[in-house]
Amino acid sequence: MPDNAQQQRAAELRRLIDDANHRYHVLDDPALPDAEYDRLLRELGELEAADPSLQTPDSPTLRVGGVPSGKFPTVRHAVPMLSLGNAFSDGEVSEFVARIVRETGEDAPVFSVEPKFDGLAISLRYEDGLFVRGATRGDGASGEDVTANLRTVKAIPLRLRDAGGGSAGPGIPKVLEVRGEVYMPRAGFEAYNAWALAHGAKPLANPRNGAAGSLRQLDPAITAKRPLAFFAYSLGEVEGVRVPATHSGVLAWLRGLGLPVSPLVECASGLDGVLDYYRRIGEARDTLPYDIDGVVYKLDSHELQADLGFVSRAPRWAIAHKFPAQEEATIVEAIEVNVGRTGAVTPWVLMQPVHVGGVTVTRATLHNADQVARLDVRVGDSVIVRRAGDVIPEVLRVIPERRPDGTTPWGMPERCPVCGSEIVREEGEVVARCSGELVCPAQRVQGLFHFASRRAMDIEGLGERLIQALVDFDQVKSIADLYGLGVEDFVEMKRRADERDGTTPETVKSGKVATKWAENLVAAIARSRETTLERFLFALGIEHVGESTAKALAAWLGDLDRIRRTPWPLFKRVPDIGDEVARSLGHFLDQPGNQAVIDALLAAGVRIADAHPPSPKLREGLTLAQLLADCGIPKLTPLRAKQLADAFPDAATLLDQERHNFVIAGLPDDAATAFAAWLSDEANAGPLLAAAAMQAELLAALPEDEAAAGPLDGMTVVITGTLDSMGRDEAKAKLEALGAKVSGSVSKKTGFVVAGAEAGSKLARATELGVEVWDEARLLAFLGEHA
DNA sequence: CAACCTCGAGTTCA
DNA sequence: CTCGAGGTTG
């Protein structure tokens, strides 16, 4: 008697596989990723192999897959369509090759190797050279007659070409069944989805579903509009000719008959040969115009194939070597939240470890509460994970039929898990924020981490864990405190952090306290004292002030002391700074605590090397009219601001006026009232005077002449790919020195794109938009010329 | 005011 | 890399 647990597991697997089959083949609505399906089938196969009494007469392992939908007549395949065994690792391929070496006696058996296309397997029947019938694989023994739909696929010849007989092959046979794959090229898939989106049709989930769905259209006219293609890869029934003795010979013959055969087909010998092919195709995978999910190795000699024979319906002389899956299913263990530098609370999932695209994934971001609600992810759910853009894991969807009982929808916590402050979500905003600000240790830690980061103060060796300890043990309250720490402080912090986390430091083994890293760190902190204005402004971590905005502020205003004293409306004179960013800067500078931190940093010896006068391009914007327009005064349009400035040429005079004088100056009644009310508020009048004074100071500080224009002034440049001769940062600095603005995304405003090796989507976009592309040589030549 | 183009912020793993 | 949202422009 089989073990009871195994019996139950086998029954469960049968049910899961049947459900998946039904959804895939009958409902055209796949619920399981392929890899997951394959694994279930494999697990069931292994259980049955270990104990054959577990195999029921209806076990899914007994058929190759699929159920006729009933919409099309059924066709019996004269020669059954095979399925292939799968290998997921080099080790499994090695066993496969070893077995063939053992059983054939060949040292280095020759394989015909080809990509495994991700489409739909079909069989085409030609009689006397004429296409008479086409069918899907179905369960391998019989499939659906989709002749009318297949006739619309242009890659499928309706009549075979006579290759001239003789040397090219055996000529036109009386009966020829060709097996191959119908697939949808990526470009066609994307074009179709763009069309579907624009016309309210349901987009296709992926190219494979696109191919499968298109072939089962009842109306061939619909199929005809779908961009389908075809590759032939094997034979079924053949009558009236002698077929070539090798698989590679068959493919060459088919090609001669006018059937499309993949140009990537090759011969490879032995384990090394096939693995080399696997790696080469894997590298080219992303650049192919269609999806593949692995490669197939077939023993080339038909004679040797016959010696090896079949197991069930899978040949023992062929195997599919699959690429790592890009989608996988796993189970959600917990949903947690992170608190970022700005207090943004972002939910993420902790999952059971799962291999996706070659790495083990355990966590993925859920971005925000809306995203969680959209997906309806719950603890305990089975979810499908994908690596988006090749790197970052992403939860695609949950598998609803696998949800356990008793789950509840996830909700954003009401209080910050770190500091207990209330979590608030502003009207119309997507992000929820911890209101703790500086009280929140999480925000302090992230703020310090940002301060130390490479693009800010560039303090190497100050990692998150150490910062966490510094904050937790109260060694550091603000960023300025970093400059007061010595080697022994860091060593002590690490010791206490290790102690708390129960990690054993290596020093215990060596018996000597390691301090070299701490010395390096102290030196890095000391080095960071010497910095630039833009790095310093960026390092402060002001909301909405990133690298680019910090650079603009530094370039236009030129001096930290000046910037610290600038009233917020004046920030709008800097290009790319609008109301929101200007107010954010003002808010930051208004906090005495923030000003104290800047003072403390300067007192600790931070020096800004590149102070300079403000940009002369500011001049024309430094008027009273512009200032009034920037202050956000109710009902005061730019035109009315101009009228006021014409009538009352300075801010002090304005403050002396009565309401009716504004009417005389040309303001409508309501605007005059609103303006007078605005002025009478000390919280407005004070800053207005201060801003006017700062305008005067700026005007006085402006240099006479414009700086000489660089050769790339006003040009926006994008760098992509890897450069041989320098890092991206270095290239960026060099281009900026010549006046260019280096940006991250390509648009039609981009001057040119510098493309290094392995350039990806940005290069594609540049080509698409007709933007000029420079290779590295051209960049170097240009830099050399303008050094 | 809509349609862009950019920027900022958060993010994963080896 | 991707989202959301700020800024500019026609």
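Chain letters run A, B, ... following the sequence lines, proteins first, then strands; residues in each count from 1.
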Considering only heavy side-chain atoms of A/T549, the closest of B/dC7, C/dG4, B/dT6 is B/dC7
Verify the distance criterion only: is there a donor paired with an acceptor across the side chains of A/Q626 and A/Q695 at less than 3.5 Å? no
- Query: Taking atom types as modelled, is there a side-chain donor on A/S421 or A/R415 under 3.5 Å from an acceptor on the other?
  - Reply: no
Per atom distances to the A/W348 side chain, the nearest of B/dG10, C/dG7, B/dT12 is B/dT12
Q) Think A/R363 has a side-chain N or O under 4.0 angstrom from the OP1 or OP2 of B/dT11? A) no
In whole angstroms, the gap separating C1' of C/dG4 from NE2 of A/H544 amounts to 10 Å
Using OP1 and OP2 only, check whether a side-chain N or O of A/S743 sits under 4.0 Å from B/dC5.
no
From the candidates B/dA9, C/dG7, B/dC5, the one with an atom nearest any side-chain atom of A/V581 is C/dG7
In whole angstroms, the gap separating P of B/dC7 from CZ of A/R455 amounts to 13 Å
Taken to the nearest whole Å, CG/A/L537 to P/B/dC7 is 17 Å
Among the nucleotides B/dT12, B/dT6, C/dG4, whichever has the atom closest to the side chain of A/T365 is B/dT12
Rounded to whole Å, CG of A/L366 lies from P of C/dG4 at a distance of 13 Å
Whole-Å distance, A/L375 CG to C/dC3 C1', equals 14 Å
* Would A/R465 and A/Q468 count as having a side-chain donor-acceptor pair, cut-off 3.5 Å? -> no
Margin query: With a 4.5 Å cut-off on side-chain heavy atoms, are A/V385 and A/L396 touching?
Written below: no
**Request:** Please determine if a side-chain N or O atom of A/T362 lies less than 4.0 Å away from the OP1 or OP2 oxygen of B/dC13.
**Result:** yes
Against the side chain of A/S745, the closest entry in B/dC4, B/dT6, C/dG4 is B/dT6
Hey, is the side chain of A/N338 poking within less than 4.0 Å of OP1 or OP2 on B/dT11, counting only N and O atoms? yes
Do any side-chain nitrogens or oxygens of A/S548 fall under 4.0 Å of OP1 or OP2 in B/dC7? yes
Among the nucleotides B/dC13, C/dG4, B/dA9, whichever has the atom closest to the side chain of A/E543 is B/dA9
The nucleotide from B/dC13, B/dC7, C/dG6 with an atom nearest the side chain of A/K741 is B/dC7
Do A/R583 and A/H587 have side chains that get closer than 4.5 Å, going by heavy atoms? no
Among the nucleotides B/dC4, B/dA14, C/dG7, whichever has the atom closest to the side chain of A/T360 is B/dA14
Under 4.0 Å, counting only non-hydrogen atoms across every strand here, what does A/H367 touch: a base, just sugar-phosphate, or nothing?
nothing
Here the pair of heavy atoms bringing A/K741 nearest to A/S548 is NZ-OG, 3.8 Å
Exercise. Within the pair A/K572 and C/dG6, is there a side-chain N or O less than 4.0 Å away from OP1 or OP2?
Worked result: no
note: A/E464, atom CD; B/dG10, atom P; distance rounded to Å ~ 12 Å
Between NZ of A/K748 and C1' of B/dA3 the distance, given in whole Å, is 9 Å
(message) Would you say A/T342 places a side-chain N or O within less than 4.0 Å of OP1 or OP2 belonging to B/dG8?
(response) no
Separation of C/dG6 atom C1' from A/F571 atom CZ, nearest Å, is 17 Å
